[in-house]
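Throughout, numbering of the chain's residues begins at 1 and tracks the sequence. All of these numbers come straight from a predicted model, not from anything done at the bench.
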Amino acid sequence: VINYVLKRDFVGAELSLRHDVPEAGRGQAGQAAFSFGSDFADGRGRFFGTVDVLHRDAIRLTDRDFSRSSFNADRAPEPFNVPGGPFDGRSARGYWPTFRIGTGTASRYFRPVGGVPTLTAVAPTRQNAPEFFLDNNQFGYASPRVSRGNLYLSGELDLGERLTAFADLGYYQSAATMRRQPLALNAPTSDLLMVMAVDNPYNPYGSRYFHPLGTPNADGSARLVGTPTTISLTQMTIADLAAESVDTEADAVRIATGLRGTVGQSTWDWEASLFYNEVNGRDEAYPNVRESLLQAALARGDANAFNPFGYTFRVAGGAVIADQPYTNPAPVVDGFSDVFARTARSSIASGDVRANGTLFQWYAGDVRSAVGLEHRRETLRDVRPPFSGENPADSGLDPTNNDFLLHPPRPDVFGSRKVNSAYAELALPLVDPGRGVPLVRSLELTASARFEDYSDFGQTTKPKVGANWRPTPWLMLRGSYN
């Protein structure tokens with residue numbers, strides 16, 4: 001929210017500069033603001049403007065001692081100083097995969113056991129396998145990198161003793177970058193099970209390591225006797241995927257112009273104005289993961305298949321064991337990485353006429369009233385590209401779902417409506433300060449009503465009554481009923 005207080009009589013120019021350097025480093029910020037104003041047309045007109053720009057560097061979670069790690073149990077008092085307690089924020093979806101074998105539903109794990117990467121049916125705990133749990137604070141920002149600029153111009157011109165023209169222009173633009181941990185699979189809840197094919201050479205239960213007769217591979221490497229099978233990955237941070245960066249751009253424009261004045265020699269003031277406001281935003285997150293493309297990479301049967309384990313395997317001692325650490329080639333990971341994007345725009349265009357003044361005077365003071373008419377048009381557009389929002393009908397994928405890990409499907413939104421409204425208000429004083437009533441310095445009743453006609457759902461009338469009671473000069477109590 002941006003608020004301005006117009007310096008209507010400001011003449012001259014003012015420049016301010018600011019530079020912030022946090023004690024702990026990182027997150028430095030610089031800001032500059034320039035304001036200017038003048039009168040014109042022999043003093044009948046006034047003009048004011050301001051330009052403001054700011055840039056602030058990002059602060060990584062690892063830049064501050066208190067957020068360097070998501071494991072803070074060692075800082076907590078008893079009985080909270082234990083792994084797995086409320087001060088242990090490490091994620092169970094780390095780089096060590098959780099999976100199912102074939103059509104089974106039991107969870108299996110690839111994780112360190114006694115310091116050795118092992119395929120096991122024994123679930124890890126934060127006490128016996130702390131390496132299984134991922135400290136996501138090593139990736140993320142505590143505060144985003146931000147750049148923003150703002151322009152505001154305002155002017156008014158007295159066309160006569162009781163008539164003034166005015167106009168305001170505001171423009172705001174910003175860009176921010178936030179970083180967080182790499183994308184993780186969470187199936188079969190928010191994501192689909194990712195099936196690793198039998199012939200994927202990195203599948204430790206696949207055809208490279210099992211054969212019905214135990215026949216060796218063509219390269220002479222050993223295989224065990226058994227039926228090769230698929231595995232279904234359920235939870236893991238995607239191996240070799242970079243930390244996710246979310247870039248957000250936004251801009252807003254506001255234009256208002258109109259006339260205001262006084263009706264003859266009366267106490268009634270009036271104003272007629274036109275207003276337009278538009279806000280645009282765009283979010284892009286990368287690298288995100290396309291489910292269908294990840295599935296295709298897991299289904300490959302050659303060296304370009306995706307290996308989620310971070311290790312190769314071999315047969316030794318009648319079992320499949322981890323062999324060597326493995327890094328997926330960049331083209332393999334890039335093949336299922338994509339940008340998750342969203343663009344949005346909303347706007348309001350309106351015109352209104354309003355007036356307020358004294359209806360008449362009576363024993364307790366002026367009986368005041370306000371009336372107005374307004375017409376406005378509102379629009380909304382919230383759009384995601386194909387596969388980000390929903391899968392295209394001709395894609396061969398579920399059209400009610402989308403194709404990105406962790407992101408729920410959401411259809412594009414388009415909307416517009418018109419609203420006509422009228423309102424009236426009345427303020428009726430019952431006691432004024434001159435009456436000397438104990439504990440009633442002043443008492444005022446208010447009543448108002450607003451009628452609105454919406455193009456999308458119909459009409460509504462909103463009445464309201466209230467009272468303002470001031471028992472002392474420094475205290476006012478208000479009550480209302482809608």
Side-chain angles (χ1 to χ4, degrees), residues 61 70 89-100 107-112 117 119 124 131-141 178-197 200-206 230-247 284-300 302-313 322 324-341 387-388 391 397 401-409:
L61 288 165
S70 58
R90 294 171 298 170
S91 171
R93 295 194 298 273
Y95 285 116
W96 301 97
T98 302
F99 57 94
R100 301 171 181 177
S107 291
R108 299 296 183 98
Y109 308 90
F110 179 62
R111 62 176 183 85
L119 296 163
E131 313 93 334
F132 181 86
F133 300 90
L134 184 62
D135 184 355
N136 283 329
N137 284 25
Q138 64 184 295
F139 304 106
Y141 285 172
M178 191 67 181
R179 185 170 295 169
R180 52 196 181 194
Q181 68 273 11
L183 266 290
L185 173 70
N186 186 29
T189 52
S190 61
D191 303 315
L192 301 174
L193 293 168
M194 291 288 109
V195 179
M196 198 171 187
N200 184 318
Y202 309 111
N203 177 355
Y205 298 89
T230 60
I231 65 171
S232 297
L233 298 157
T234 58
Q235 293 190 57
M236 63 175 184
T237 293
I238 307 300
D240 305 312
L241 190 70
E244 182 188 29
S245 289
V246 182
D247 296 322
E284 290 189 347
Y286 184 85
N288 270 225
V289 176
R290 289 274 304 277
E291 285 183 308
S292 65
L293 300 181
L294 175 59
Q295 184 61 78
L298 289 166
R300 294 183 67 106
D302 56 22
N304 291 320
F306 177 62
N307 180 356
F309 290 96
Y311 277 82
T312 58
F313 296 91
Q324 298 293 327
Y326 180 85
T327 300
N328 287 282
V332 173
V333 179
D334 292 344
F336 55 75
S337 302
D338 205 347
V339 175
F340 182 87
F387 303 107
S388 289
N391 297 320
L397 304 175
N401 200 354
N402 71 356
D403 197 36
F404 279 84
L405 288 186
L406 293 182
H407 295 283

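Taking the ring centroids of F404 and F340, they lie under the 6.0 Å cut-off. Here the two rings, on Y95 and F110, have centers that are 6.0 Å apart or farther. Within the 6.0 Å centre-distance limit, the rings of F336 and F306 are counted as a close aromatic pair.
Pairs engaging residues 180-192 under the salt bridge (Lys or Arg N to Asp or Glu O under 4.0 Å) rule: R180-E244 [sequence neighbours left out]. Residue pairs meeting the salt bridge (Lys or Arg N to Asp or Glu O under 4.0 Å) criterion with at least one member in residues 302-313, sequence neighbours excluded: R300-D302.
Under the rule for a side-chain hydrogen bond (donor to acceptor under 3.5 Å, both in side chains), R100 has no partner lying at least two apart in sequence or in another chain. Scored by the side-chain hydrogen bond (donor to acceptor under 3.5 Å, both in side chains) test, D240 finds N328 as partners (sequence neighbours excluded). Listed by chain and residue number, R290 satisfy the side-chain hydrogen bond (donor to acceptor under 3.5 Å, both in side chains) test with D338 (two or more places apart in sequence, or in another chain). Residues meeting the side-chain hydrogen bond (donor to acceptor under 3.5 Å, both in side chains) test with Y286, sequence neighbours left out: none.
Put simply, the side chain of T237 gets close to the backbone of R93: a donor and an acceptor are under 3.5 Å apart. For N307 (side chain) and Y202 (main-chain N/O), no donor-acceptor pair under 3.5 Å exists by modelled atom type.
Checking T189 against N186 by side-chain atom types alone, a donor-acceptor pair falls below 3.5 Å. Side-chain N/O atoms of H407 and N288 include a donor and acceptor closer than 3.5 Å.
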